[in-house]
Structures are given as structure tokens and as C-alpha cells.
Number of protein chains: 4
Amino acid sequence: MSPRKVDKAARRKEILTAAVKVFARKGFAATRIDDIAAEAGMAKGSVYLYYDSRDALLEAAFEAYRAMSADIFDRAVNGPGPALERLAGLVHAVLDVLAARREPARIMVDLWAASRDAEKSPVDMAAVYGDSRAAIAELLRQADKEGVLRAGVSEHHAAVIVGALEGCLLQCLVDPGLPATELAEPIIQVCLEGLRRPAA
Amino acid sequence: MSPRKVDKAARRKEILTAAVKVFARKGFAATRIDDIAAEAGMAKGSVYLYYDSRDALLEAAFEAYRAMSADIFDRAVNGPGPALERLAGLVHAVLDVLAARREPARIMVDLWAASRDAEKSPVDMAAVYGDSRAAIAELLRQADKEGVLRAGVSEHHAAVIVGALEGCLLQCLVDPGLPATELAEPIIQVCLEGLRRPAA
Amino acid sequence: MSPRKVDKAARRKEILTAAVKVFARKGFAATRIDDIAAEAGMAKGSVYLYYDSRDALLEAAFEAYRAMSADIFDRAVNGPGPALERLAGLVHAVLDVLAARREPARIMVDLWAASRDAEKSPVDMAAVYGDSRAAIAELLRQADKEGVLRAGVSEHHAAVIVGALEGCLLQCLVDPGLPATELAEPIIQVCLEGLRRPAA
Amino acid sequence: MSPRKVDKAARRKEILTAAVKVFARKGFAATRIDDIAAEAGMAKGSVYLYYDSRDALLEAAFEAYRAMSADIFDRAVNGPGPALERLAGLVHAVLDVLAARREPARIMVDLWAASRDAEKSPVDMAAVYGDSRAAIAELLRQADKEGVLRAGVSEHHAAVIVGALEGCLLQCLVDPGLPATELAEPIIQVCLEGLRRPAA
DNA sequence: TATGAATGAGGTTTCATTCAT
DNA sequence: GATGAATGAAACCTCATTCAT
């Protein structure tokens, strides 16, 4: 009559969470479906009821990553307050995420590896960084309209800011000794203050 | 004396070069010993006469990467001229390497992945970045002695500069559309000019 | 009495019909219980309420095939009219079944495969062909009594007639271009006229 | 210097022979690569050095079957002597092969099953039977030119003869009790004598 | 009775590594 | 030293069957 009923979406999320955990711990290449199933507390075959393949799980992890990234950047672009303050908040937000949950961030290296050939792979980190640069560029335009930027700030500077962020994340990832949150202010100083119009 | 010693080292280098080429092209995970042997123009078994395992080849690739990186940074630290000019030269040098030979740089993502567990793996990117930060910090100290830095420049700023460099490399790697060399000047502007003491 | 007995039998038949359809379409080896359940419009688990296993369904398909075959042959043996006319009618009947519903006939190859080891498998095509030969032999005896056969017609000739029938079916199965019904008359000519006593 | 050298073609043949043996014994569906490797006296992985997949082995078995079949029919078509005698010889040859080596013939049912969907599968039994019919039809034309056939013998009679042959083979396959060789003469009588022009 | 989620044994295929020549 | 055939341990994925609801 009332056969076992599961919330498919919830189950997918459970499995994805487990997968991300294991990917973060062992790396995608070294992760076995068995590991994910064990982490999720189910049998190997059950994973396949919700995801078609191991690659599909990485892809799902990418989508989640992309959504999270987009969310952070969107909030900065569309939020209230002076543009440069929102940019500073963005820097803090990104590093806080890493500091709060180191593991999930570790899958980034697997996402980079998976997006090696942009055409063949659905994991498209180029698009993520493109979006990030566009968001930062928009923030810089907003700041420029506010008249707080010095002259000559171009699109390329957005790439540098994104780079500084990701590059600091990267260092924190490979070197657990580096304190992510403490890098926020230096990043802000270097990247933003350097672009700010000198106070008369 | 040792009639074949030179040959042995040359052979190792040949194989390593081939391996790096294939790693760059297909990624470490997708690289087969067969691919490397084919690229090196020899039989699969012969690879094992010079390297103990597939992992040993990645390790060797890491050592080469580390050496190259150390070389670039050392030259900047020990070179002649004003410190900030050497720092600017360093930025150009790093990005020029990427622009000149995109493929070899691609192995970085595999090195990152391999250095996931710092203890177990001989691939230790944390050390590389630690060295890089130390070099930049030394450059900043030199610049400070020259009196060209504004006050309050700390070790963390070195991390930001390394981060900006690596983060821009990363974006260029993932997105072939981004022109590496064109990012050099923006990086220099953002990272260095922002730290420079305002001209009286 | 037993309120659901009729339903149970009907349900079994529904499932069997669905199974035969899918077996015919995809072959037994490629048929999944899911396919059968879908074809029958029920859930996978329900199939197991009526059949113990996938093999049991093939066995049931075999029984149905055997019954149908026995029916056709029995009618020819016990029917009215001259024996050779009944034999000719039998040939037409067999080929007409194939022409009418090509799909169900396709399961024959799966039945042959399943009857590979006569001891272990309940699918026993040897018995079916044995019965067929016996029926044909009986028809030939009847014809002999009617005095219309030439001398020397033995049991083996029954095997040849069965063989010609099945062999033509096989060709039609494998080659959709061959028109089953058009083969009836040639079969009759070759097999029967050749055995008929030359008209004085 | 002189590294291990194997005759690739010979090795392929060895493996194919082993595969055919196991296919015949257990059926294609029930045959595991392990079984084939064991039968060939090698490790599982070695099989894949010579054949790409299990399906490729069935395909190879088909090619061998097709070649053998073509050979027998070609010899009958192009041989010396009266056409009907060659046809009779053909019948004996086909049944003798079965009698001599029952096992290899058993793979026929797997070939039939595999040729279920003519487009997708490289196993094309329809083509084999088409060739067989063409050969028989040619023989009948030759016999007709020799003036030994009665009138009205058409292409369809070739199908009947092929059918009688295959149908008898089939019965012998599923019923080990049926003696293949003893069916040769009845087949010849039914199929050929029935077509022969009555001696004045 | 009906359901369909869960299971896990089992099969194919890959490929790093070994080793006989 | 060089070769490349052979190995066999994994790992992915499938799917018949079970069973809680």
C-alpha cells in the first residue's frame, strides 16, 4: 500500500555530501565507489540508483561548487554599501569558507584536473573563473562610478584580484600551516588599496 | 671510468621529458606507462629500467618543477638592481614561462593533487610555495631597506603576491583564452605599486 | 471459494505475455526484469509474486511454445481428410504463425540456447522436436496406409520434414527479407511430393 | 636482444579455439573470460592482448564459422562431377562436420542469438544463409543445365534445401540421440530425388 | 497484494609491473 | 640493456533478487 518512500533529492544530496567528503580526503583519483558508499552508509550498488557514474558525482560536486561560488560573488555584486567594501567582504567570505570547512575546498584540485579539456568535460572551471572575473569587474565598475578608483583600472585587474584570492586559497590548501583568515586583510590591502584613488 | 653513466642520466632525462609532455597533455591520472614509453620512443619495460614506478615519474617531474621555480625566484633574490624591479622581472619571468610552453605548466594541477597528503607524498608543493613566499619576503625586506616600501608590509603580503601569481597562472591554465603575458603588468601594478611608498 | 485464483492465473498470463514480447524483442540475455515489469505495467517486485525467477519466465515461455507446437501437430495428426493434405496444412499453419507474429517466434533461439544442457534445463527442445517427429511419422504412417506413399519411407524422413520446417523458420527469423508464407508450397513440393508414390 | 617473440596470429587462433570450445560447452551467455583464459592456459588479462572484448571473440567465432561454411559450399559449387552428386556430397559434408566435432557446431545457437538485430551486430547469420541459398541455387541451375531436374524448380527450393540441412543440424544439436550421419541419405532422397526429373 | 529501494555477488575490462628472452 | 608478452589485482558497473512498508 504505502511502499517505502524516499526523498530522492535528499538521498542524492546525502550521497553527494559523502562523495565530496571522500573526494576531499583522498582525492578523486583515489576515491572508490565503495568509499563513497561506506561514507554514506549504504551499499555500493545503491550509489548507482542516484548517480550514473563516479564521474557524475564529480560533476555534481562541481555544480555545487559553482553554485556556491556564484552565490558569494552575486551577493557582493548586488549587495548594499560601497563597492569596495563589498569587495572586501567578498574576500573575507571566500577565505572564511575555506577556514570553516577545509575539506570541501580540497576538491578544487580535482575540479581543476577534470576541467583540463574544456570541451570534453562538463566540469568547466574556466567558466567559474570567467564568472568570477566578470563579477569583480562589475564591482570595479561600480567603484569607479563611485569615484573611489584611481585611473586606469582595467578588466585585467579583475583577473589579478581573482588570482590573488584563488592563489591564496591554493597555498592554504596545500599548506595547512597557512591561516586562511589572516590573509584576508593583506589581500584587501594589496589588491584594493593599491587601486584606490589616493586621498587628495 | 664509468662508461655508461652519462647515458643513464641522459636516458632518465629523455624519459622524464616524455613523461612531462604526456602528463601535461592528458593529465597524470589518464597517463599510461605505454603513453610515456611511446612518447620516449622506447618499450614500456624500458621505462622501468630508469624509474621505479609511475609515481616516481611524477615525483621527478615535481623535482624538476621545484628546481625551475627555485631558480627563477633565486635569480630575483640575488640579482642586481633595485628589489622591486627584480620583483617585477620575476613576475614577467613566471608568466613568460607559461606563455612560452603552456603544456609543461599543466602538470601543476597534478602536482597539487599529488601533494594532497603532505606526509605521505614526496610531492610537496607546500614546500615550493613556502620557498616562494620566503623569496618574496626577502625581496620585500630588500625593498624596505632601499626605503621604497610604505610601512606595514608584512610576511603575509608575500603570500598575497605569490597567490596573485599562482592564481593568475591557474586562470590561464584553465582558460586558454586568457593571455598570460598581458597579466604581468596588472599584477605588478596591483601587487607592487600598492606596496610602494607614495612618492613624496 | 478462492476469491483470487482467477486473478492469479490471469496475472501470470499477463506477465508471461509481456515477457515473451520482450524476450522476442531483445533476446533473453538482454532482457531485464525491469523491462518485463515495464511491459506488463507493474513494478519489478511484483513479477516475483508470480514467477520465482527470470529463468522461470523463460521456462514458462517454453511451455507455452511447446503447447502451441503440440496443438498444431496434434490437429494435423487427428484431423479429417487425407494424411498428406493434413501434412500440407501443417506446413502452412506453422509458417503462417511466423508470418502473423514474427516477434514471438524469435524466442526460439533463446529456447535453443537454454536447452543446451538437456539434463540441467527444464527447457527441453529435444522433446519438442521428438514430439514433432513422432507426429510427422504418424502422419506418414497414415499416408502409407492410404497407399499414397512410395516405398521405403522411414522414420528418418520425418526428421527431414521437421528439419525443413524449422530450417525455413530459422532462415526467416534471421533474415527478415525472406517471406515465410511463400516458402510453404516449395516445402510441400520438396518434402511431400518427393515422397508420394508416382501416379501410375 | 632477442626478446620473447610470439606468433600473434597463432596466439589468436589458440585463444579462439579455446573460446569456441567453451562457448560450445556452456553457451556464450554463460561463458566467462576466465573460462576461456583457463581453457587456453593463460591469465585472464592475456586474452585481452589479442581480443578487445568478449563480443569480439564471438565475432571471431562467427567469422570462422562463416569461412568454414563458405568453404564447404564453394567446393560443392565449383567441384567436378554431376551437380546433384555434388549436392549430395555437400549434404554429407555438412552432417559429417557435425558428427565429427559436435562441440563447435553448438555455437550456432549463440550466433543466431547474436545476429538478432542485423544492423547492430557484426554477427550476420542472414548473410551466411543467403550465401548458402545462393550456392544451392547455383547448383540447381547447373543441374538444370544438365537436364536432370524436373520443371518448375525455383530459387525457393534452395531455401528449402538449406532449411532441411540446418533444421536437421538443429535437431541433432538439441537431441544428442539423433545420429547426424544417418540423416544424410533421407535428406538427399527427400530434397533431391523429389526434384529430379522422373526417369523416362 | 503491490511496491520499488536496497543489496552485493559477479562480470568485464584496464594497466602497472614483472620477467623470460 | 632492451623488449614486450604475460600477469592478476583492482575497480567500475549491472541487475536478479529480497524485503520493509
Side-chain angles (χ1 to χ4, degrees), chain A residues 1-8 11 15 29-37 40-57, chain B residues 3-4 7-8 11 29-38 40-57, chain C residues 3-4 7-8 11 29-38 40-57, chain D residues 1-8 11 15 29-37 40-57:
Chain A
M1 281 293 166
S2 72
R4 200 187 307 204
K5 209 62 186 185
V6 299
D7 183 339
K8 277 223 153 206
R11 216 89 171 91
I15 293 172
T31 295
R32 309 289 150 239
I33 294 287
D34 267 320
D35 300 328
I36 296 172
M42 62 182 60
K44 181 170 37 173
S46 305
V47 172
Y48 286 93
L49 294 177
Y50 297 92
Y51 289 93
D52 283 345
S53 68
R54 189 161 143 274
D55 283 345
L57 274 162
Chain B
R4 291 277 87 91
D7 277 0
K8 181 120 186 169
R11 219 88 165 93
T31 295
R32 308 291 151 239
I33 295 287
D34 268 316
D35 301 326
I36 296 172
M42 63 181 62
K44 175 161 52 169
S46 305
V47 172
Y48 283 90
L49 296 175
Y50 297 93
Y51 287 94
D52 281 345
S53 70
R54 188 161 150 275
D55 284 344
L57 275 161
Chain C
R4 291 277 88 89
D7 279 357
K8 181 121 186 171
R11 219 89 164 91
T31 295
R32 308 290 150 241
I33 295 287
D34 269 317
D35 301 326
I36 296 171
M42 64 182 60
K44 176 163 48 168
S46 305
V47 172
Y48 283 89
L49 296 175
Y50 298 93
Y51 288 94
D52 283 345
S53 70
R54 188 161 149 274
D55 284 343
L57 275 161
Chain D
M1 279 295 165
S2 71
R4 200 188 307 204
K5 210 60 182 183
V6 297
D7 183 339
K8 277 225 156 205
R11 215 89 171 91
I15 294 172
T31 295
R32 309 292 150 237
I33 294 288
D34 266 320
D35 301 327
I36 296 172
M42 62 182 61
K44 182 168 38 173
S46 305
V47 172
Y48 285 91
L49 295 177
Y50 297 92
Y51 288 93
D52 282 344
S53 69
R54 190 161 142 275
D55 283 344
L57 274 162

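Side chains are part of it too, since the values below use all heavy atoms of this structure and drop only hydrogens, waters and symmetry mates. Letters A, B, ... mirror the listed sequences (proteins, then strands); counts begin at 1.
- Atom OG of A:Ser46 and atom CD1 of A:Ile36 lie 13.0 Å apart (nearest 0.5 Å).
- With the nearest nucleotide of DNA chain F identified for both B:Met42 and D:Gly41, B:Met42 has the one nearer the 5' end.
- Interatomic distance, A:Leu49 CG to A:Ile15 CD1, rounded to the nearest 0.5 Å: 7.5 Å.
- Under the Watson-Crick or G-U wobble criterion, with both distances below 3.5 Å, E:dT21 is paired with F:dA2.
- We find that OH of B:Tyr51 is positioned 18 Å from C1' of E:dT17, with the value rounded to whole Å.
- D:Tyr50 comes within 4.0 angstrom of the backbone, heavy atoms only, and of no base.
- For F:dG4, neither phosphate oxygen OP1 nor OP2 lies less than 4.0 angstrom from any side-chain nitrogen or oxygen of D:Lys8.
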Walk along nucleotides 10-16 of chain F from 5' to 3' and tag each nucleotide B, S or - by protein heavy-atom contact under 4.0 Å, base first, then sugar-phosphate. BSSBBSS
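- Residues D:Leu57 and D:Val47 are in side-chain contact: their nearest non-hydrogen atoms beyond the backbone lie under 4.5 Å apart.
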Passes side-chain contact (heavy atoms from CB on, under 4.5 Å), D:Arg11 versus D:Met42? Steps please. CA-CA 11 Å; D:Arg11 215 89 171 91; D:Met42 62 182 61; 3.6 Å; yes
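- Looking only at side-chain heavy atoms (C-beta outward), C:Arg32 and C:Arg54 come within less than 4.5 Å of each other.
- The distance from the OH atom of A:Tyr48 to the NZ atom of A:Lys44 is 8.0 Å, given to the nearest 0.5 Å.
- Listed pair C:Arg11 / E:dT1 fails the phosphate criterion, with no side-chain N or O lying under 4.0 Å from OP1 or OP2.
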